[in-house]
Amino acid sequence: MVKPKGLASRLMLAQVLVLVASILTAGLVALFVGPPLFHQHLLESGHSDDSPELVHIEQAYRDASVVSLGVALIIALVCAAAVTWYVTRRLQAPLVVLTDAARELSRGHLATRVPESGSGTELNALGGAFNLMAGQLEQTEDTRRRLLSDLAHELRTPITTLKLCCEGLRDGVTPWDERTDRIMTEQTDRLARLSEDIDDVSRAQEGRMALEKDVVPVGELVWSASQTQREAFTRRGVNLVAEAESAPGVAVFVDRRRMGQVLDNLLGNALRHTPEGGSVRLFARQTSNEVEIVIADTGEGIPPHQLAHVFERFYRGDTARDRDRGGSGIGLTISRAIVDAHGGGLTASSDGSGRGATFTVALPVSPRSPLASSSRPRAEH
Ligand SMILES: Nc1ncnc2c1ncn2[C@@H]1O[C@H](COP(=O)(O)OP(=O)(O)OP(=O)(O)O)[C@@H](O)[C@H]1O
Ligand SMILES: [Mg+2]
């Protein structure tokens, strides 16, 4: 089997080939073109064809040519070897580092990074690209690990409840009555919703969520979200104030269904955390190059230490945990991922416990929006 050649041998071979070609050309010229020309010049300068000096001078010319070509060949060979050694060393060191790092990465050591090599722009760019790839792999792996542990934690409660119910039924301790039926239905629904939510959140966070974008007037989003939730609000005695005309003529380029899902989540949260008699306001306002859809409630609010965590997967505030076991703490994670996928942002603010909460969806204004180019003043509310 032919052993593959290393970088140094290939480089040296290439240099030797160039050298041989140059020396051959120079030798042939010195042998076949130089002497007749020289001879011609000697004759023109007055030497006769059979003079002994002519033979002597021509011999000297040939000797000088051979010596200078020989010396040039040796010096060129030494230079080629030196250049090969230097270039190979400069290239080999970072390549060895990169190869080792790639091996480490393949063994699962995802924190491996390569230092900047200083061996030229291309190798630095290669190192940078490698580090970027390693960083993304590490992040994906970290997300996967956390997702699995969060998921295992979330699955435990409904599975334990279902298991206890089944055991009770089998042993005849628990009767099959309305209560057992309700518990079992609730827990299976919870499992089903969990699996849907997880699928949604991982799709959105990994950018795999297919968005069917359309130019949609903001007022239409506000109006249809309020229509979907109105009945639930009436049933719970919470006032829903939806201002569909708060940003007239402004449109966004969004997936209507997904954005509906976001507003539904936010209104659902507001309703869940606003006691009877309270109110929730839904409106839009245009800022310089964005439009904001705001959901502001007068409910129980969010304490400052919880505010930073509400968008985390499976995070539930204390009140949500005690009062309502239905929520899995994933609604805001999905909502933020969907808004991010539209190039926007979702933020929360609250003046603290008991002082209401405000969620703001910021979206870029669609260039096809009729009023997008005009600089409208900020709407007053
Ligand atoms: N309007 C709000 N007022 C007060 N707290 C809120 C409000 N919206 C969200 N929260 C807090 O943020 C937490 C996370 O909300 P998120 O929507 O992600 O989960 P959830 O509503 O508990 O469950 P899910 O949405 O999965 O059914 C909630 O548990 C609650 O503590
Ligand atoms: Mg929610």
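One-based numbering, in listed order, for ligands and for the atoms of each.
Residue contacts with ligand 1 leave out His309, since none of its heavy atoms falls under 4.0 Å from the ligand. Ligand 1 lies nowhere less than 4.0 angstrom from a heavy atom belonging to Asn265. Distances shorter than 4.0 angstrom do not occur between any heavy atom of Phe311 and any atom of ligand 1. Remark: distances from the non-hydrogen atoms of Ala348 to ligand 1 are all 4.0 Å or more. Look at Ala270 and you'll find a heavy atom under 4.0 Å from some atom of ligand 1.
Between Arg272 and ligand 1, at least one pair of N/O atoms sits closer than 3.5 Å. On a distance-only criterion, Ile330 and ligand 1 share at least one N/O pair closer than 3.5 Å. Not one N or O of Ile302 is nearer than 3.5 Å to an N or O of ligand 1, by distance alone. Checked against a 3.5 angstrom limit, the closest N/O atoms of Asp297 and ligand 1 fall inside it.
Residue contact check: Gly329 has heavy atoms under 4.0 Å from atoms 18 (O), 19 (O), 20 (P), 22 (O), 23 (O), 24 (P), 26 (O) of ligand 1. Near Arg193, meaning under 4.0 Å from any of its heavy atoms, are these atoms of ligand 1: 24 (P), 26 (O), 27 (O). Within ligand 1, counting atoms from 1 as listed, the ones closer than 4.0 Å to a heavy atom of Leu332 are 9 (C), 12 (O), 14 (C), 15 (O), 16 (P), 17 (O), 18 (O).
A salt bridge is absent between Asp189 and Arg193: the closest approach of a Lys/Arg side-chain nitrogen to an acidic carboxylate oxygen does not fall below 4.0 angstrom. Salt-bridge formation is detected for the pair Glu154/Arg190: a Lys NZ or Arg NE/NH1/NH2 atom is positioned less than 4.0 Å from an Asp or Glu carboxylate oxygen. We find that Arg281 and Glu243 are joined by a salt bridge, their nearest charged nitrogen and carboxylate oxygen being less than 4.0 Å apart.
When non-hydrogen atoms are compared, ligand 1 lies under 4.0 Å from the backbone of Arg316 as well as from its side chain.
In this view, His39 satisfies the ring-ring contact (aromatic ring centres under 6.0 Å, His included) rule with no residue, not counting sequence neighbours.
Judged by distance alone, the side chain of Ser350 and the main-chain N or O of Ile302 form a donor-acceptor pair under 3.5 Å.
Each protein N/O/S atom under 2.8 Å from the Mg ion (ligand 2) was counted, for a total of 1.
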